[in-house]
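Notes for the one structure printed next.
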Amino acid sequence: MADLTIEAAGSALAKGELSATELLESVLTRASLTEADLHSFLTIDHEGAMAAATGSDERLRRGEPRGLLEGIPLAVKDNFCTRHLETTCGSQILAGYLPPYDATAVARLRDAGAVLVGKTNCDEFAMGSSTENSAFGPTRNPWNPERVPGGSSGGSAAAVAVGSVLGAFGSDTGGSIRQPAALCGVVGFKPTYGLISRYGLVAFASSLDQIGPFARTVADAVTLFEAVAGYDPLDATSYQGLVPNVRPTLGEGVSGLRVGIVRELGGEGYDAEVAAATSAMVDKLADEGAKVSEVSLPSFEVALSVYYLIAPAECSANLARFDGVRYGLRVPGETVEEMMARTRAEGFGPEVTRRILLGTYALSAGYYDAFYGKAQKVRSLLIAEMATVFEQADVLVSPTSPTTAFELGAKTQDPLAMYLSDVCTIPANLAGTPAISVPIGLDSGGLPIGFQVMAPALGEKVMFQTAAAVEALADFDARPAMAVSP
Amino acid sequence: MTTVWEPVIGIEVHVELSTQSKMFCGCEVTFGGEANTKVCPTCLGLPGALPVANSVAMDWIVRIGLALQCQVSERSVFHRKNYFYADLPKNYQVSQFDLPVCRNGWLDVTVGDETRRIGIERAHMEEDTGKSLHQGNGGRIHTATSTLLDFNRSGVPLVEIVSRPDLRSATEARAYAQDLRNLVAELGVSDARMEAGSIRFDANVSVRPVGTEALGTKVEIKNMNSFRSLERAIASEIDRQVALLEGGQKVRQETRHWDEGAGATHSMRSKEESSDYRYFAEPDLLPLVFAADQVEALRAGLPELPAERRSRLEGLGVAPHTARALAQAEPELRRTFEEAVALGAPPAAAANWVAGELTAATRRLETPAMVDGRSLFRLIEMTEDGRLSSSAAKEVLVEMLRSGDEAEAVATRLDLIQISDTSALEAAVSEVLDSQLEAVERYRSGEQKVLGFLVGLVMKSTGGKADPKLVNQILRQRLG
Ligand SMILES: [Zn+2]
């Protein structure tokens, strides 16, 4: 049962062939068998999940209207605020923190009848590409526990891959959904900026952060997206128009679609097997009637540098509130300033500290123009370039990440090497455009390879249409060895 | 040769808007109340909470800007101002930097007979901080044993209005501050109560030799909680700077705290060498767009402003000096004037009463009591028809404020109504003339000053209530 798709489970639940409680017990069993190896969860809320599942079963018995995710066990990354349920963002500074409110996305999931199983592990404050920056220990890759699951939403990706939940949510600031989805062999989707409310998502870099789903199929990702997307008056950057209706065109294939291969996302630094799998998929798309051409976006070459100025700058302000005054960790000091300084020094891990310092520096008087100011200009240039390219192509494709899952510890001493893991995913965050990663196969080491589809802002329809075609062409149905039905 | 020094003063004003809800969340704006009861995730800076701009506050800052003759920016941006302070929940304040809502305005300020146009550099929108309540050892942060935090004020909309350094004396600075306060009160966008902290003034003061262009070193002074202390603090700071410079010393750039008791400013913890607030555009809020028609609609909704009012009053025949005072007077006083005139009181007389005695009396009494237009009209009527002398009328006015009674009742109670009934006075005059035959003779033989003596006797016999003008008139007639 833990290996069901959301679609299949939803239909079985609706018909009464399966109860939400049984489904929950099944995924909890899966989690209990795998968590010791994976550590994909920071919190499993047995009591709350059981209450939600029981409630869902009662609603079915009483014949009440059913939500879109009625009885479906899900997880959210630990940077989503959950009312009275510990929310740490993978950081010591928030250890034990119980938010007084639910993030809008969480509230909408509950309203849709979902069963919230728990909170998944992540890099501290979503900063990282391997989930090794979690203050509570890393998550491991279900395909090979010696490998990282990617990050920062590595816990969500691993939990979905192994069947501890049927779907999950993460946040994607520079690839934090798509890259772990690729490394764990699941679908991961970052919507257009503003389509899913950020209210209650603990901010890393506000202009880049976007919530999105993990699922085992493209269709399930659509369902999860539909359950939470749409205008939220509590988020001023939330999109006020209609959410693109993507479902009707999911199965229409790629015939006639203009598919652009991004020249800058390939070559040196890319695994040969990743490159080969990507080209093979492009060929298949062409065989299906897609008009494939190579496109060039020169600003992609500097996207990583731009990102590593803008994201740290925003994070330096966003994380300033963690000062020991009102909540979270407090390390005493002789004065208020000393208390704040000690709290932050002890509470934040090295990567978070590095980015706060980087961002503070980039915003400082005398450096602003050279760093942050310039980065914003290049960001505008990149957005303009993408708009131009999207006049020639309906979607852009690339590998999701240059490599498959790397070994734990391989890049922890070399931040730049780690940052390169997100080189393909970062442009969509800078531009606020939608992008999805779909698994297309395994490399010779048995590790999943992800294929990225990007579309213009609010172009979810054509993006999902292409992603569904990729999924069908890849016919990827391998499961990690850990995901054995008990 | 001694140098003559010219003060150069700029004023920064913080106005708390009295909107129903806070700037970026739905919490109620209240003053006082139990600590931390008007708070939510957003104004407490809890993880994950986001701001949404209050559209009423945005309209109100445009009203303020328009009343100050500012240009309203078509596009304006919120910035984050980063600094760590325990009562600043996010450790950054959502404020504005290079794209404020309003720019380049002015306010005419009159001191004595001189009216000067004071430039307004900008008016921008920001959020207020919480309040630190330092416990023990005098309530100052560096001596406190502990600090309590109240976030009820956190996120209250705040408009900062920055003048150009156009003010040239402490008196002028005070006049500017008062006029600005009255303007804001009149717009109905703030309680504008200085003692409650809903309007706060900081001054930037420097001095330079008269006739020079370059600005001297600027000192910021804070903690003035009345217009009087604002004026005193600036005057004291000017004296301090002049004394330093004349003694061959330099003025240090710093922030100084006004100590009301000591009547002097003293140095606050020397401000961080140069505070770098690392401003950047607030990514959680979209840029603000003010369409021309929206701005024009707000302009059309503005009340009559002091400059317009002044010329209207002069047109009604009110003396220029009085018109100026009345145009700037508190709204309650002006309402009394307008009502009295509407009932038929002569505008010049009503203006004199309101700008003169009524203003003085309300200030003296230090109570919020006010005489309404109808009561003032009746008082003026009694003076016009001779039933009250001008000195008695002043006394009656004070008692009206104190008791809330009408002029007639007060005058009767205080026994101040003049006898202006001719027949009653004729009798009193006859009585005096009959008993003063010798004085009558002297008057008739040309001793004019005897008249005053006789008037005095009539006044005495009527207990001072006779209308002296009328007595005079009757006596002259009778003495032929
Ligand atoms: Zn609030």
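Letters A, B, ... are given to chains in the order of the sequence lines, protein chains preceding strands, and every chain is numbered from 1.
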Should we say atom [atom1] of [X] is surrounded by more than 12 heavy atoms from elsewhere, each under 6.0 Å from it?
| X | atom1 | answer |
| --- | --- | --- |
| A:R83 | CZ | no |
| A:E338 | CD | yes |
| B:Q294 | CD | yes |

Does any backbone or side-chain atom of [X] lie under 4.5 Å from a heavy atom of chain B? Answer side chain, backbone, both or neither.
| X | result |
| --- | --- |
| A:Y327 | side chain |
| A:F322 | side chain |
| A:Y193 | side chain |
| A:N318 | both |
| A:A365 | both |
| A:S316 | neither |
| A:A313 | backbone |
| A:Y367 | neither |
| A:P100 | side chain |

Closest heavy-atom pair and its distance - [X], [Y]:
| X | Y | result |
| --- | --- | --- |
| A:C81 | B:P47 | SG-O, 3.4 Å |
| B:A86 | A:V325 | O-CG1, 4.0 Å |
| A:D235 | B:V52 | N-CG2, 4.2 Å |
| A:E314 | B:R80 | O-NH1, 4.0 Å |
| A:L363 | B:F280 | CD1-CD2, 3.5 Å |
| B:F84 | A:A320 | CE2-O, 3.4 Å |

Taking the side chain as everything from C-beta on, heavy atoms only, tell me whether A:S364 gets closer than 4.5 Å to B:R278.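 In short, these two side chains touch, coming nearer than 4.5 Å.
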B:D276 versus A:Y368: any side-chain heavy-atom pair under 4.5 Å?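 In short, these two side chains do not touch, never coming nearer than 4.5 Å.
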Contact leader toward chain A among B:A281, B:P51, B:P41, B:G26, where contacts are heavy-atom pairs under 4.5 Å: B:P41
Tell me which of these, B:L88, B:L285, B:T42, B:D284, has more heavy-atom pairs under 4.5 Å with chain A than the rest. B:D284
[X] versus chain A, the contacting section by heavy-atom distance below 4.5 Å:
| X | result |
| --- | --- |
| B:N82 | side chain |
| B:F151 | side chain |
| B:L44 | backbone |

Which residue out of A:T237, A:N79, A:L319 racks up the most heavy-atom pairs below 4.5 Å with chain B?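 Among A:T237, A:N79, A:L319, the one with the most close pairs to chain B is A:T237.
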State the CZ-CG distance between A:R344 and B:N91, to the nearest 0.5 angstrom. 7.0 Å
Can you tell me how far OG1 of A:T87 sits from CG of B:L46, rounded to the nearest 0.5 angstrom?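 Atom-to-atom, B:L46:CG and A:T87:OG1 are 11.5 Å apart.
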